[in-house]
**Student:** 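Questions regarding the structure given below will be posed in turn.
Quick caveat: nothing in here was measured; it's all calculated off a predicted structure. Counting starts at 1 for both ligands and their atoms, in listed order.
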Amino acid sequence: MLRPTLFLLLAGVLQIVSAHFELKYPTTRGFDETKEPTFPCGGFDTVQNRTQVPLKDAFVEINSGHTSYSYVVNVLAKNDPTTADFSTAVVAVSSGTRNYPQAACLSLNLSNGTGITNGSNATIQVIFNGGDGLLYQCTDVTFVDSAPNFDQSMCVNADGSSTATSSGSAPAANNTQSKASSVTVSSGFLLLVIACIYITV
Ligand SMILES: *[C@@H]1O[C@H](CO)[C@@H](O)[C@H](O)[C@H]1NC(C)=O
Ligand SMILES: *[C@@H]1O[C@H](CO)[C@@H](O)[C@H](O)[C@H]1NC(C)=O
Ligand SMILES: *[C@@H]1O[C@H](CO)[C@@H](O)[C@H](O)[C@H]1NC(C)=O
Ligand SMILES: *[C@@H]1O[C@H](CO)[C@@H](O)[C@H](O)[C@H]1NC(C)=O
Ligand SMILES: *[C@@H]1O[C@H](CO)[C@@H](O)[C@H](O)[C@H]1NC(C)=O
Ligand SMILES: *[C@@H]1O[C@H](CO)[C@@H](O)[C@H](O)[C@H]1NC(C)=O
Ligand SMILES: [Cu+2]
């Protein structure tokens with residue numbers, strides 16, 4: 001009766017480890033954990049509905065299953081980029097490392113020679129390295145001067161650190177969202193423990 005318990009515990013641990021990362025905002029083209037290592041967009045190669053993103057204070061919000069990782073965010077200013085375009089025509093607009101899991105707000109600097117102006121269609125590509133290979137997510141956007149529907153409150157860091165963007169305005173760092181995802185993780189673990197007890201008995 002020990003073996004199924006160990007197996008379930010191991011399965012739970014593996015599931016947490018393999019969580020990789022998800023692009024939470026703007027809406028990802030698609031997320032499939034098994035395809036996420038596929039260049040350039042984690043297995044989702046067609047343009048989806050565009051989110052209007054402001055030229056100033058732009059960001060992407062991700063949810064990381066890894067505690068420690070590095071990232072690069074690229075923009076590709078084309079209507080319908082091909083796979084080859086992602087190798088030749090991208091411009092890095094953000095890069096860095098984080099040392100905490102879950103919610104992270106990655107601010108974008110669009111003055112980095114992107115050629116993007118009011119009304120430019122583009123695809124944002126997030127490349128994530130949590131130590132188990134490069135992972136990819138994309139979202140399709142239109143950059144505009146004024147984006148009233150862009151939800152600045154989605155910019156959250158799970159460690160509570162400042163989310164200051166290029167112009168220095170920072171949405172509140174203390175937010176219930178990261179707490180909510182911790183609750184999801186712990187209740188998932190609780191279910192696992194209950195399942196183990198059930199099988200042991
Ligand atoms: C994309 O936009 C179209 C037209 O506005 C809408 O009908 C469709 O439901 C949207 N798709 C998604 C995935 O939001
Ligand atoms: C700006 O672009 C250059 C060249 O693509 C890149 O080396 C640099 O890291 C970029 N800056 C940021 C903030 O990502
Ligand atoms: C940006 O583009 C929109 C839509 O074409 C237009 O209404 C707006 O005036 C433009 N803003 C500026 C500052 O040019
Ligand atoms: C941007 O993309 C939308 C649909 O994805 C399209 O209708 C529009 O014409 C494009 N704008 C430009 C300037 O190409
Ligand atoms: C978050 O809230 C806690 C307690 O409510 C406080 O001690 C901490 O300084 C706050 N952090 C930030 C970044 O505001
Ligand atoms: C954005 O990138 C430009 C060009 O690389 C640079 O001059 C500027 O200082 C950057 N802004 C921020 C806030 O990093
Ligand atoms: Cu991973």
**Student:** Output every pair passing disulfide bond (SG atoms under 2.5 Å apart) with a member in residues 40-73, not counting sequence neighbours, ordered by first then second residue.
**Tutor:**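 Applying disulfide bond (SG atoms under 2.5 Å apart) to every pair that reaches into residues 40-73, excluding sequence neighbours, yields Cys41-Cys138.
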**Student:** Below 4.0 Å, non-hydrogen atoms only: which portion of Asp140 touches ligand 4? Side chain, backbone, both or neither.
**Tutor:**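 For Asp140, no heavy atom sits under 4.0 Å from ligand 4.
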**Student:** Side-chain donor-acceptor pair under 3.5 Å between His66 and Asn129, yes or no?
**Tutor:**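 Judged by distance alone, the side chains do not pair up.
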**Student:** Do Asp140 and Thr123 have side-chain atoms, one donor and one acceptor, less than 3.5 Å apart?
**Tutor:**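 Yes, a side-chain donor-acceptor pair sits under 3.5 Å.
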**Student:** Please assess Tyr25 against Phe150 for the test ring pair (Phe, Tyr, Trp, His ring centres under 6.0 Å), listing each intermediate value before the final yes or no.
**Tutor:** CA-CA 10 Å; Tyr25 190 78; Phe150 189 74; 5.3 Å; yes
**Student:** What residues come within 4.0 Å of ligand 3, counting heavy atoms only?
**Tutor:**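 Under the 4.0 Å cut-off, ligand 3 touches Asn118, Asp145.
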**Student:** For the residue pair Thr28 and Gln137, confirm or rule out a side-chain donor-acceptor distance under 3.5 Å.
**Tutor:**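 A donor-acceptor contact under 3.5 Å links the two side chains.
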**Student:** Test ring pair (Phe, Tyr, Trp, His ring centres under 6.0 Å) on Tyr69 and Phe128; report intermediate values, then the result.
**Tutor:** CA-CA 7 Å; Tyr69 58 91; Phe128 176 101; 4.6 Å; yes
